[in-house]
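Single-structure report; data block below.
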Amino acid sequence: MAHSKKCPHGRHSSPGDPSLVSLQEGAQTIGVCVKTLRNWISEGRLTGYRLGPRAIRIDRNELFALARPLAGSHTRSS
């Protein structure tokens, strides 16, 4: 039987489960406005999850998956 990890807020998550965060937390994490995340949800670039009449959450992993390297940029080796 697989054990789930306990989250700081008392919720449990298992590997493969979405790591849901508020729009405010997601926006702060990647440095964009909440309105930008709402636009991305409307455009279908990001999935929004409604938890109540006003509460919307996004998957943190899906948010990070939107990031792509710029064309022509190279990583430096140390």
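Heads up: numbering here begins at 1 and tracks the sequence.
Listed by chain and residue number, V21, S22, T29, R60 satisfy the side chain to side chain contact (heavy atoms under 4.5 Å, CB included) test with E25 (two or more places apart in sequence, or in another chain).
Taking OG1 of T36 as the start and CD of E43 as the end, the distance is 9.5 Å to the nearest 0.5 Å. Rounding to the nearest 0.5 Å places CD of Q24 at 9.0 Å from CG of L37. Taken to the nearest 0.5 Å, the CZ atom of R45 stands 9.5 Å off from the CG atom of N39.
What you find for N61 and S19 is that their closest heavy atoms are ND2-CB, 4.3 Å. Closest of all the heavy-atom pairs between C33 and A27 is C-CB, 3.8 Å.
The 12-atom threshold is not exceeded at CZ of R38, counting heavy atoms of other residues, nucleotides or ligands nearer than 6.0 Å.
Checked by atom type and distance alone, the side chain of E62 pairs as donor or acceptor with a backbone atom of T47 at under 3.5 Å. Between the side chain of R50 and the backbone N or O of P53, at least one donor-acceptor pair lies under 3.5 Å.
In this structure, I56 and L51 have side chains that are not in contact, with every pair of non-hydrogen atoms separated by 4.5 Å or more. The side-chain heavy atoms of W40 and L63, taken from C-beta on, include a pair separated by under 4.5 Å.
Linking ILVMFWY residues whenever their side-chain heavy atoms come closer than 4.5 Å, directly or via other members, leaves I41 and L20 in distinct clusters. Put simply, Y49 and F64 are part of two different groups of oily side chains (I, L, V, M, F, W, Y) that touch within less than 4.5 Å, one to the next.
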